[in-house]
Chemist: 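Below is a structure I'd like to ask you about.
What you see is a predicted model, and the numbers here were worked out from it, not measured in a lab.
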Amino acid sequence: MKLTDSLIEKAETFGAHNYHPLPLVLRRGDGAKVADVEGKEYIDFLSCYSALNFGHQHPRIVQALLNQLQKLAVCSRAFYAEEFGYFSEELAKFVGLEMVLAMNSGAEACETAIKIARKWGYEKKGVDADQANIICVENNFHGRTVTIVSFSTDPAYRDGFGPFTPGFKIVPFDNADAIENAIDKNTVGVFVEPIQAEAGILLPKSGYLKDLRRICDKYEVLLMVDEIQTGLGRTGADFCFQHENIQPDLLILGKSLGGGLLPISAVVGRTSVMEVIKPGQHGSTFGGNPLACSVARASLKVLKDEDLSKRSLELGNEVLKKLMKISSPLIKEIRGKGLLIGIELEPSAGGARKYCEILAQQGVLCKETHDHVIRIAPPLNIEPSLLDQGINSVISVLSKGL
Ligand SMILES: *Cc1c(COP(=O)(O)O)cnc(C)c1O
């Protein structure tokens with residue numbers, strides 16, 4: 001039996017089946033390349049759902065981790081850690097807001113933003129006790145906790161997990177009027193992704209975030225923007241909200257903030273909002289640990305020093321141009337911003353997964369999202385020649401069909 005098969009068998013026997021991976025087992029990663037246990041090499045076009053904006057094992061980020069590892073890894077927030085102050089200041093300034101609350105996973109940061117918005121509503125806006133509501137958008141993805149799936153519209157995420165957390169209203173995607181109409185005196189937040197990545201790389205019309213900013217200001221509601229996947233250069237700007245020259249009230253980050261090495265997430269906001277959380281009211285044992293802070297600091301430096309947001313914009317535009325030239329009855333639409341690109345297949349193509357399996361055999365790792373969309377999201381620092389090679393495989397597979 002091949003090592004691959006025996007490892008897959010172990011994973012399927014002893015690991016719960018909460019994912020449906022492509023049938024390969026990875027051992028190593030380096031930049032935009034990964035290798036499996038048989039020694040076969042692949043180009044990584046998924047980037048761990050954008051946790052790998054800086055690629056695998058970025059040398060400067062690995063070095064930051066190793067340096068910190070030799071000093072202090074974890075100490076809890078019972079004490080101030082040296083790295084924590086630096087990290088908080090650097091991230092707040094990088095975003096253009098004032099205060100940071102560090103957590104671990106993306107879902108935790110979203111939960112944190114919800115708690116902050118509710119508390120802000122009661123203490124600053126004067127909403128009646130336990131009456132706060134937050135407006136969310138159809139097909140959203142913000143993570144997997146019970147509260148977060150409470151406002152999901154995807155049956156796979158929800159079914160069997162009730163009872164759900166109240167206090168959320170769901171309106172159609174890309175419809176600022178629907179959001180405005182849903183706002184009432186108890187609304188404390190409007191919670192959106194600037195691009196709905198998990199839903200299939202769905203881009204709202206330009207001006208959407210600007211409209212939401214105006215509406216939130218008009219009704220004194222917090223604009224909560226989840227950039228866990230779109231942030232840190234992915235869409236061709238440091239943050240996707242910058243394409244519209246607005247500033248959110250609460251920005252939620254995760255994934256790439258951990259430099260592709262470990263989890264760290266954060267909520268960033270103005271002091272006047274963040275100050276509603278007082279000692280003892282929220283926390284996390286590992287949240288903001290020195291190891292994670294050092295990695296996040298190095299990641300922000302790499303993003304800036306390597307000018308990766310601009311690179312993402314330029315490479316993304318080139319990829320889009322190339323993909324648009326494919327003439328194939330399989331393709332319904334190609335869309336994206338920066339290096340976050342979706343190829344939506346016609347239903348007649350029979351689902352994106354088969355194409356991802358063929359691409360994997362050819363050495364390109366993509367993953368289907370929502371049945372009919374192939375996501376193209378390589379590390380932002382991928383070598384142009386490697387990017388070309390991967391895109392050519394995608395073009396050839398889609399031109400030929402199955
Ligand atoms: C991945 C993701 C999350 C959840 O992050 P986890 O670290 O998996 O909990 C939330 N929102 C968006 C937009 C994401 O892409």
Side-chain angles (χ1 to χ4, degrees), residues 50 53 91-92 94-98 106 109-110 113-114 116-117 120 133-143 151 153 168-183 187-257 266-270 273 303 309-310 312-313 316-317 320 335-342 377:
S50 297
N53 283 4
L91 180 58
F94 187 75
V95 171
L97 288 166
E98 294 167 351
C110 291
I114 291 165
I116 293 170
W120 170 87
N133 69 67
I134 290 174
I135 298 170
C136 305
V137 170
E138 279 173 7
N139 299 317
N140 67 72
F141 182 78
H142 298 288
F151 52 85
T153 55
F168 301 96
K169 294 189 189 183
I170 297 161
V171 301
F173 173 63
D174 193 16
N175 187 335
D177 289 342
I179 288 183
E180 182 161 13
N181 292 334
I183 290 177
T187 303
V188 298
V190 167
F191 191 13
V192 297
E193 301 152 83
I195 292 174
Q196 290 193 328
E198 287 315 295
I201 323 290
L202 303 181
L203 286 81
K205 288 183 286 294
S206 88
Y208 179 59
L209 283 183
K210 232 183 213 145
D211 286 342
L212 298 192
R213 180 67 276 172
R214 180 180 46 75
I215 292 165
C216 286
D217 286 341
K218 181 168 165 193
Y219 297 95
E220 201 193 359
V221 168
L222 299 180
L223 179 56
M224 308 159 66
V225 177
D226 178 347
E227 294 233 24
I228 290 170
Q229 188 155 166
T230 52
L232 304 186
R234 176 51 62 187
T235 70
D238 292 343
F239 302 105
C240 196
F241 68 73
Q242 291 167 337
H243 291 297
E244 302 218 341
N245 287 316
I246 61 125
Q247 188 71 284
D249 297 302
L250 292 175
L251 175 69
I252 300 127
L253 297 175
K255 294 203 165 109
S256 271
L257 192 59
V267 180
V268 193
R270 288 191 312 280
V273 177
L303 179 66
S309 299
K310 187 161 154 239
S312 163
L313 188 67
N317 284 340
L320 273 175
R335 52 185 179 249
K337 227 185 179 85
L339 281 173
L340 183 60
I341 294 170

Chemist: Between Val188 and Ile134, is there a side-chain heavy-atom distance shorter than 4.5 Å?
Modeler: yes

Chemist: Any side-chain heavy atom of Ile135 within less than 4.5 Å of one from Val221?
Modeler: no

Chemist: Has Gln196 got a side-chain atom pairing as donor or acceptor with Glu138's backbone, closer than 3.5 angstrom?
Modeler: yes

Chemist: Could you give me the CA-CA distance, side-chain angles and deciding distance for Phe151 and Ile114, then say whether side chain to side chain contact (heavy atoms under 4.5 Å, CB included) is met?
Modeler: CA-CA 12 Å; Phe151 52 85; Ile114 291 165; 3.8 Å; yes

Chemist: Should the pair Phe191 and His142 be assigned to parallel (<30°), tilted (30 to 60°) or perpendicular (>60°) ring geometry?
Modeler: parallel

Chemist: Any heavy-atom pair between the side chains of Thr187 and Tyr219 that's under 4.5 Å?
Modeler: no

Chemist: Is any side-chain heavy atom of Leu91 closer than 4.5 Å to one of Leu253?
Modeler: yes

Chemist: Taking side-chain contact (heavy atoms from CB on, under 4.5 Å) as the definition, give me every residue that meets it alongside Asp174, ordered by chain and number, with sequence neighbours left out.
Modeler: Pro204, Lys205, Tyr208

Chemist: Look only at the side chain of Ser312 and the backbone of Gly233, and say whether a donor-acceptor pair between them is shorter than 3.5 Å.
Modeler: yes

Chemist: List the steps and the verdict of side chain to side chain contact (heavy atoms under 4.5 Å, CB included) for Ile341 and Ile201.
Modeler: CA-CA 7 Å; Ile341 294 170; Ile201 323 290; 5.9 Å; no

Chemist: NZ of Lys169: more than 12 outside heavy atoms within 6.0 angstrom?
Modeler: yes

Chemist: Thinking salt bridges, do Glu244 and Arg213 make one under a 4.0 Å N-O criterion?
Modeler: no

Chemist: Can any side-chain N or O of Gln247 pair as donor or acceptor with the backbone N or O of Leu97 at less than 3.5 Å?
Modeler: no

Chemist: Strictly distance-based, threshold 3.5 Å: is any side-chain N or O of Ser256 a donor or acceptor partner for the main-chain N or O of Asn53?
Modeler: yes

Chemist: Compare all side-chain heavy atoms of Val190 with those of Ile215 and state whether any distance is below 4.5 angstrom.
Modeler: no

Chemist: As an exercise, state the distance from CZ of Phe173 to CD of Glu193, rounded to the nearest 0.5 Å.
Modeler: 8.0 Å

Chemist: Hey, could you give me the OG/CD distance between Ser50 and Gln229, rounded to the nearest 0.5 Å?
Modeler: 4.5 Å

Chemist: Side chains of Cys110 and Ile228: closer than 4.5 Å at any heavy-atom pair?
Modeler: yes

Chemist: Testing the basics here: between Val171 and Ala178, what is the closest heavy-atom pair and its distance to 0.1 Å?
Modeler: CG1-O, 3.8 Å

Chemist: Looking at every non-hydrogen atom in both residues, tell me the closest pair between Leu202 and Arg335 and how far apart they are.
Modeler: CD2-NH2, 3.7 Å

Chemist: Please report the interatomic distance CG(Leu222) to CD1(Ile116), rounded to the nearest 0.5 Å.
Modeler: 9.5 Å

Chemist: Please report the closest heavy-atom contact between Leu320 and Gly336, naming both atoms and the distance.
Modeler: CD1-O, 3.8 Å

Chemist: Within this structure, what is the NZ-CG distance for the pair Lys310 and Leu303, rounded to the nearest 0.5 Å?
Modeler: 13.5 Å

Chemist: May I ask you to test the Glu227-Thr230 pair for a side-chain heavy-atom distance under 4.5 Å?
Modeler: yes

Chemist: Please round to the nearest 0.5 Å and tell me the distance separating atom CD1 of Ile195 and atom NE2 of His243.
Modeler: 6.5 Å

Chemist: Measure across Val267 and Ala113 and return the closest heavy-atom pair with its distance rounded to 0.1 Å.
Modeler: CG2-N, 3.9 Å

Chemist: Just how far is it from atom SG of Cys240 to atom CG of Asp226, taken to the nearest 0.5 Å?
Modeler: 11.5 Å

Chemist: Between Asp211 and Arg214, is there a side-chain N and carboxylate O pair less than 4.0 Å apart?
Modeler: yes

Chemist: Given the rule in the side chain to side chain contact (heavy atoms under 4.5 Å, CB included) test, do Val137 and Ile179 qualify, once you have shown the distances and angles that lead to the verdict?
Modeler: CA-CA 9 Å; Val137 170; Ile179 288 183; 4.3 Å; yes

Chemist: Flag the pair Leu212 / Phe241 as yes when at least one side-chain heavy-atom distance between them is below 4.5 Å, and no otherwise.
Modeler: no

Chemist: Grab the two heavy atoms, one from Val225 and one from Pro248, that are nearest each other, plus how far apart they are.
Modeler: CG2-CB, 3.6 Å

Chemist: Starting from the C-alpha separation in whole Å, work towards a yes-or-no answer on side chain to side chain contact (heavy atoms under 4.5 Å, CB included) for Phe239 and Leu251.
Modeler: CA-CA 10 Å; Phe239 302 105; Leu251 175 69; 3.9 Å; yes

